[in-house]
Amino acid sequence: MLDLVILSLHFFICFLISVAIWRGPKDVDLCSSSTGTVETEPDGLILIGKEDDIKRSQRLTAKVNGREVVVFYHEGKFHAMDSRCYHEGGPLCLGEIEDINGQACIICPWHKYKITLETGEGLYEGINPLEPSPTPQWQSKGVKQRIHKVTIDNGNVYVSPPDLSVSFDSDYFADKYKNRGDLAMEK
């Protein structure tokens with residue numbers, strides 16, 4: 001009987017959580033503390049939020065021209081990139097930031113892909129089998145993740161709209177999640 005009560009309570013709590021997620025904020029994801037208000041300035045820059053707010057939360061996700069963009073504040077610098085990983089669309093806002101080979105990288109929480117915050121390069125650890133005793137070394141897959149230019153002015157953080165004349169692997173998932181209405185985190 002106790003098992004039935006615990007199971008029922010479990011299903012009820014799961015139901016409440018799913019309702020809360022489904023009815024949650026539409027312009028901001030669960031990773032941020034933003035109000036979700038983005039404004040386009042006359043010079044084309046898009047206001048993301050207050051500098052101090054982003055510094056406190058360390059990251060914020062917002063819609064920029066309909067696509068999810070995550071802004072990170074790490075070691076005194078702001079970085080912005082498409083919020084969905086180029087590999088399978090994992091939510092980068094949930095990833096950890098690690099130093100890899102002297103570069104700050106976001107680690108995708110789904111498949112542990114490593115992406116540099118500065119350039120959007122995908123990194124992998126590989127060996128050269130032609131070496132006498134090969135040792136793993138970090139290598140670049142090339143730029144895979146679209147990054148966005150961040151501008152700070154009067155305590156506000158702005159992101160430049162993406163230049164879509166050049167394509168990146170992350171564009172596929174940016175488009176896939178573009179009009180979902182929420183910044184869903186499911187796999």
Side-chain angles (χ1 to χ4, degrees), residues 21-51 53-55 57-74 77-97 103-123 140-153 156-187:
I21 291 171
W22 179 67
R23 295 188 51 107
K26 299 301 181 193
D27 289 335
V28 182
D29 74 28
L30 302 173
C31 304
S32 72
S33 62
S34 164
T35 60
T37 57
V38 292
E39 302 171 17
T40 303
E41 298 294 309
D43 57 2
L45 295 177
I46 298 163
L47 175 64
I48 298 299
K50 295 287 184 191
E51 180 179 7
D53 293 340
I54 298 172
K55 283 180 177 179
S57 66
Q58 301 291 302
R59 59 188 74 191
L60 174 138
T61 305
K63 294 254 183 167
V64 173
N65 290 359
R67 70 196 293 140
E68 297 174 24
V69 172
V70 61
V71 177
F72 295 101
Y73 179 74
H74 181 70
K77 292 183 181 177
F78 287 91
H79 306 275
M81 63 178 49
D82 284 350
S83 176
R84 296 301 181 144
C85 179
Y86 70 89
H87 172 242
E88 288 279 333
L92 295 178
C93 66
L94 298 178
E96 296 294 322
I97 296 176
Q103 300 179 82
C105 295
I106 187 71
I107 311 302
C108 180
W110 284 1
H111 302 108
K112 308 303 178 210
Y113 275 56
K114 290 139 183 69
I115 304 164
T116 64
L117 294 178
E118 194 76 33
T119 64
E121 280 182 280
L123 298 180
S140 174
K141 297 178 183 178
V143 176
K144 301 289 189 173
Q145 196 75 21
R146 181 181 295 279
I147 60 170
H148 303 269
K149 182 177 182 234
V150 178
T151 303
I152 310 299
D153 186 35
N156 292 319
V157 177
Y158 299 89
V159 172
S160 298
D163 174 10
L164 300 177
S165 67
V166 179
S167 66
F168 293 89
D169 292 3
S170 66
D171 290 341
Y172 173 79
F173 291 102
D175 289 339
K176 180 177 179 181
Y177 288 94
K178 190 172 188 174
N179 297 316
R180 299 242 347 215
D182 64 344
L183 299 166
M185 297 297 138
E186 80 281 349
K187 182 173 177 183

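Just so it is clear, the structure is predicted and the values come from calculations on it, not from any experiment.
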Do the non-hydrogen side-chain atoms of I97 and R59 ever get within less than 4.5 Å of each other? yes
Verdict with reasoning, T61 to L92, per side-chain contact (heavy atoms from CB on, under 4.5 Å): CA-CA 10 Å; T61 305; L92 295 178; over 6 Å; no
Once you round to the nearest 0.5 Å, how far does CG of L94 lie from CD1 of I106? 9.0 Å
Within the structure provided, determine whether R67 and L164 are in side-chain contact (heavy-atom separation under 4.5 Å). yes
Candidates Q145, K141, R146 - the one meeting side chain to side chain donor-acceptor pair (under 3.5 Å) with Y86: K141
Could you pull out the closest heavy-atom pair between P161 and G44, with the gap in Å? CD-O, 3.2 Å
Is there a side-chain contact between D153 and Y158 in this structure, where contact means two heavy atoms from C-beta onward sitting under 4.5 Å apart? yes
How long is the gap from CD1 on I54 to CZ on F72, to the nearest 0.5 Å? 12.0 Å
Taking the side chain as everything from C-beta on, heavy atoms only, tell me whether H87 gets closer than 4.5 Å to K144. no
Within-4.5 Å side-chain heavy-atom neighbours: W110 and P91: yes
Interatomic spacing from OG1 in T151 to CD1 in I46 - rounded to 0.5 Å: 11.0 Å
Is the closest side-chain heavy-atom distance between L117 and Q103 below 4.5 Å? no
Can E118 and H79 be said to form a side-chain contact (heavy atoms from CB on, under 4.5 Å), step by step? CA-CA 7 Å; E118 194 76 33; H79 306 275; 3.3 Å; yes
When rounded to the nearest 0.5 angstrom, what distance separates CG in N156 from CG in L47? 5.0 Å
If you look at every heavy atom in G90 and C108, which pair is closest and at what distance? CA-SG, 3.8 Å
Which heavy atom of H148 sits nearest a heavy atom of P162, and at what distance? CE1-CB, 3.7 Å
Distance, nearest 0.5 Å, that separates OG of S83 from NZ of K63: 9.5 Å
With the side chain counted from C-beta on, respond yes when I115 and E121 share a heavy-atom pair under 4.5 Å apart, and no when they do not. no
Evaluate the side-chain contact (heavy atoms from CB on, under 4.5 Å) criterion for residues I48 and V64: first the C-alpha distance (whole Å), next the side-chain angles of each, then the deciding distance (0.1 Å), finally the verdict. CA-CA 8 Å; I48 298 299; V64 173; 3.8 Å; yes
What is the ring orientation for F78 with Y73, classed by angle as parallel under 30°, tilted 30 to 60°, or perpendicular over 60°? tilted
I want to check something: taking the side chain as every heavy atom from C-beta on, are M81 and S170 in contact at a cut-off of under 4.5 Å? no
Atom pair CG (D175) and CG (D82), whose distance is rounded to the nearest 0.5 Å: 9.0 Å
